[in-house]
Amino acid sequence: HVTLSHLLPVSGDWHETVWDPLPELDLSRTLIVPAGQVRQLWLTIKTHGLEPGDHDLTLYMGELAGGKDQTFREVPIRIQVWPVALPTDKYDQMNWTGLDYSQNSDQSIQSMVDHGMSVCYGPPMPSVPLDEKGQLAGTMNWAKFDELIARAPSTWKFLWGSFPNPQFPEGVGPKDRNSPEYKAWLESDVYFQGVKTAIGEMVKHLESLGIGYDRWGFYPIDEPWNTGFTAIPELRRFFTLTKKADPKVQNY
């Protein structure tokens with residue numbers, strides 16, 4: 001129930017050095033303390049499975065140097081577990097993370113689970129091949145997506161910044177996103193059909209993985225009021241579009 005860890009220095013955004021990571025001590029249980037400096041030893045106590053009441057243990061600390069002046073200490077530790085039963089079902093809590101291996105190891109994801117986090121960003125989805133009318137015109141490769149989403153526990157919920165990219169054939173729709181023609185294209189029936197097809201493929205695949213509407217939503221803009229009202233019309237357009245394509249989808 002007790003894990004021994006030590007602090008390591010890493011480069012920080014606001015300071016040259018930040019003492020932040022807490023890796024476990026290795027089997028030697030050794031800390032190196034440079035002359036004139038100090039090092040912190042952390043004890044992480046997991047009370048799951050411990051009976052209510054006091055649990056006493058002793059931490060033995062000594063130095064590797066031998067001789068008559070060798071330092072040795074016994075540090076008594078008492079863990080007090082209160083008779084409180086917390087809910088055992090999962091709760092929703094915002095969690096700014098993703099499932100890509102470059103972002104999180106298996107250990108860090110397990111740590112999030114242990115700490116009650118249950119919401120994350122969903123992994124990128126493959127583009128949806130469409131014909132000139134916005135109908136499905138090919139197959140989608142979900143292999144990478146399935147590999148990443150399998151790392152999440154079955155209780156987690158997911159947020160996606162948008163629906164899968166509707167990939168129209170070359171020449172269908174303008175390329176310049178800043179042109180008046182492109183804005184008109186986004187209001188066209190063909191583009192809407194493409195979005196509807198893309199969301200439909202997304203919903204169908206998520207359901208095949210056991211992920212229903214109650215476990216995911218769209219999260220297109222973060223804190224839209226930060227710039228005043230400027231992002232609200234864009235947010236409203238996105239929500240109107242997705243709800244028209246599928247009234248069951250959730251928007252965050």
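Only this structure's heavy atoms are used, side chains among them; waters, hydrogens and symmetry mates stay out.
Side chains of D176 and Y182 form no contact here, defined as non-hydrogen atoms less than 4.5 Å apart. M112 places a side-chain heavy atom less than 4.5 Å from the side chain of W156. With contacts defined as side-chain heavy-atom distances shorter than 4.5 Å, the pair F145/L206 qualifies. Counting heavy atoms from C-beta on, the side chains of I211 and I149 come closer than 4.5 Å. T47 is not listed as a side-chain neighbour of W82, based on a closest heavy-atom distance of 4.5 Å or more.
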Atom pairs and distances, donor-acceptor, side-chain atoms in residues 135-142, under 3.5 Å, two or more places apart:
{"residue": "N141", "atom": "OD1", "partner": "A143", "partner atom": "N", "Å": "3.1"}

Listed pairs under 3.5 Å, donor-acceptor, residues 161-175 side chains, sequence neighbours left out:
{"residue": "N165", "atom": "ND2", "partner": "S127", "partner atom": "OG", "Å": "3.3"}
{"residue": "E170", "atom": "OE2", "partner": "K175", "partner atom": "NZ", "Å": "2.8"}

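Looking at residues two or more places apart in sequence or on another chain, you find a salt bridge (charged side-chain N to carboxylate O under 4.0 Å, His left out) between R78 and D54, D56. Checked against salt bridge (charged side-chain N to carboxylate O under 4.0 Å, His left out), K46 has no partners two or more places apart in sequence or in another chain. Residues meeting the ring pair (Phe, Tyr, Trp, His ring centres under 6.0 Å) test with F218, sequence neighbours left out: W216, F238. Listed by chain and number, the residues in a salt bridge (charged side-chain N to carboxylate O under 4.0 Å, His left out) with D106 are R151 (sequence neighbours excluded).
Between the side chains of D114 and H48, no donor-acceptor pair of N or O atoms lies under 3.5 Å. No side-chain donor-acceptor contact under 3.5 Å links T3 and E24. For the residue pair T197/Q193, the side-chain donor-acceptor check at 3.5 Å is satisfied.
Judged purely by atom type and a 3.5 angstrom limit, Q250 uses its side chain to pair as donor or acceptor with the backbone of Y213. A donor-acceptor pair is defined here as one N or O able to donate and one able to accept, closer than 3.5 Å; no such pair exists between the side chain of K196 and the backbone of D246.
The cluster map of Ile, Leu, Val, Met, Phe, Trp and Tyr, joined by side-chain heavy atoms under 4.5 Å apart, puts L31 and M61 in the same cluster. At a threshold of 4.5 Å between side-chain heavy atoms, the hydrophobic network of Ile, Leu, Val, Met, Phe, Trp and Tyr places L4 and L7 in two separate groups. Taking hydrophobic clusters as Ile, Leu, Val, Met, Phe, Trp and Tyr residues chained together by side-chain heavy-atom distances below 4.5 Å, I45 does not share a cluster with V113.
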